[in-house]
Amino acid sequence: MTQAWLTLTSMDGRDIAAPTEAQLAAVLAELYAPLRQVKGKGKGKASGAPAAAPEPASAALRFGYDDGLMYVIEVSSGGHIRFEEWSDRDCELALAPPRRMSADLPLAQQLWALMARRQVSRIRELDWH
């Protein structure tokens, strides 16, 4: 019998099997936090020193089956999202070219929620580049 699985790989590389909605939200909030801080900096006094760029980071949500297909949505700290479809967990054969988009936090949350609910067809229908 084929078993489905869902794994979240957090920014620090830790794998979380069957993550909860709260865990998904926490990882995305942490990923998007540097973007909100940069946007939040406004018209204060210039310090003369350039602001340090945040370290690039990403987290991935993987959904698949023990004996077959695997889907990956990777979200980067810059709001860049990549969707991949693989023949198996070992990433031996890509079933489609990777799809990309830029997204704000609410859209990233929606994508991961769709993945957690196994709604891959709805993910495919979105406006990917």
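This one's a predicted model, so the numbers in the text were calculated from it and none came from an experiment.
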Student: With rounding to the nearest 0.5 Å, note down the distance linking SG in C91 to CZ in R62.
Tutor: 7.0 Å
Student: Give the minimum heavy-atom separation between S102 and H80, together with the two atoms involved.
Tutor: OG-ND1, 3.5 Å
Student: Going by heavy atoms in the side chains, are Y65 and Q3 under 4.5 Å from each other?
Tutor: no
Student: Between D12 (side chain only) and R14 (backbone N and O only), is there a donor and an acceptor less than 3.5 Å apart?
Tutor: yes
Student: Same cluster or not: are W86 and L69 linked, directly or through other Ile, Leu, Val, Met, Phe, Trp or Tyr residues, by side-chain heavy atoms under 4.5 angstrom apart?
Tutor: no
Student: Does the distance from a Lys or Arg side-chain N to an Asp or Glu carboxylate O, for R99 and E84, drop under 4.0 Å?
Tutor: no
Student: Between W5 and M70, is there a side-chain heavy-atom distance shorter than 4.5 Å?
Tutor: yes
Student: Taking all heavy atoms of P19 and all of L61, pick out the closest pair and write down the distance.
Tutor: CG-CD1, 4.1 Å
Student: Testing the 3.5 Å rule here: is there a donor-acceptor pair between the side chains of D66 and T2?
Tutor: no
Student: As an exercise, state the distance from CG of L6 to CZ of R118, rounded to the nearest 0.5 Å.
Tutor: 8.5 Å
Student: Working to the nearest 0.5 Å, report the span between OH of Y71 and CD of E85.
Tutor: 5.5 Å
Student: Going hydrophobic residue to hydrophobic residue with side-chain gaps under 4.5 angstrom, can you get from V120 over to L95?
Tutor: yes
Student: Atom CG in L31, atom CG in L105: separation rounded to 0.5 Å?
Tutor: 9.5 Å
Student: Go through it in stages, so that I can follow the logic: the residues are Q109 and L24, the test is side chain to side chain contact (heavy atoms under 4.5 Å, CB included), and I'd like the CA-CA distance, side-chain angles, deciding distance and then a yes or no.
Tutor: CA-CA 8 Å; Q109 290 171 326; L24 295 174; over 6 Å; no
Student: Knowing that exactly one of I123, I81, L107, I73 qualifies, which makes a side chain to side chain contact (heavy atoms under 4.5 Å, CB included) with W112?
Tutor: I73
Student: Heavy atoms, side chains only, cut-off 4.5 Å: are L126 and L111 in contact?
Tutor: yes
Student: Once rounded to the nearest 0.5 Å, what's the spacing between atom CD of E30 and atom OG of S77?
Tutor: 10.5 Å
Student: Check whether L28 and L114 end up in the same hydrophobic cluster, where Ile, Leu, Val, Met, Phe, Trp and Tyr are linked by side-chain heavy atoms less than 4.5 Å apart.
Tutor: yes
Student: How many angstroms lie between atom OG of S58 and atom CD of E74, to the nearest 0.5 angstrom?
Tutor: 4.0 Å
Student: Is T20 reaching over with its side chain to a backbone N or O of Q23, donor-acceptor style, under 3.5 angstrom?
Tutor: yes
Student: Just wondering, do I16 and T7 contact through their side chains at under 4.5 Å, heavy atoms?
Tutor: no
Student: Are W128 and F83 near enough that their ring centres are under 6.0 Å apart?
Tutor: yes
Student: Would you say V72 and L8 are hydrophobically clustered, going by side-chain heavy atoms of ILVMFWY under 4.5 Å?
Tutor: no
Student: Between D15 and T9, do the side chains contain an N or O donor and an N or O acceptor separated by less than 3.5 Å?
Tutor: yes
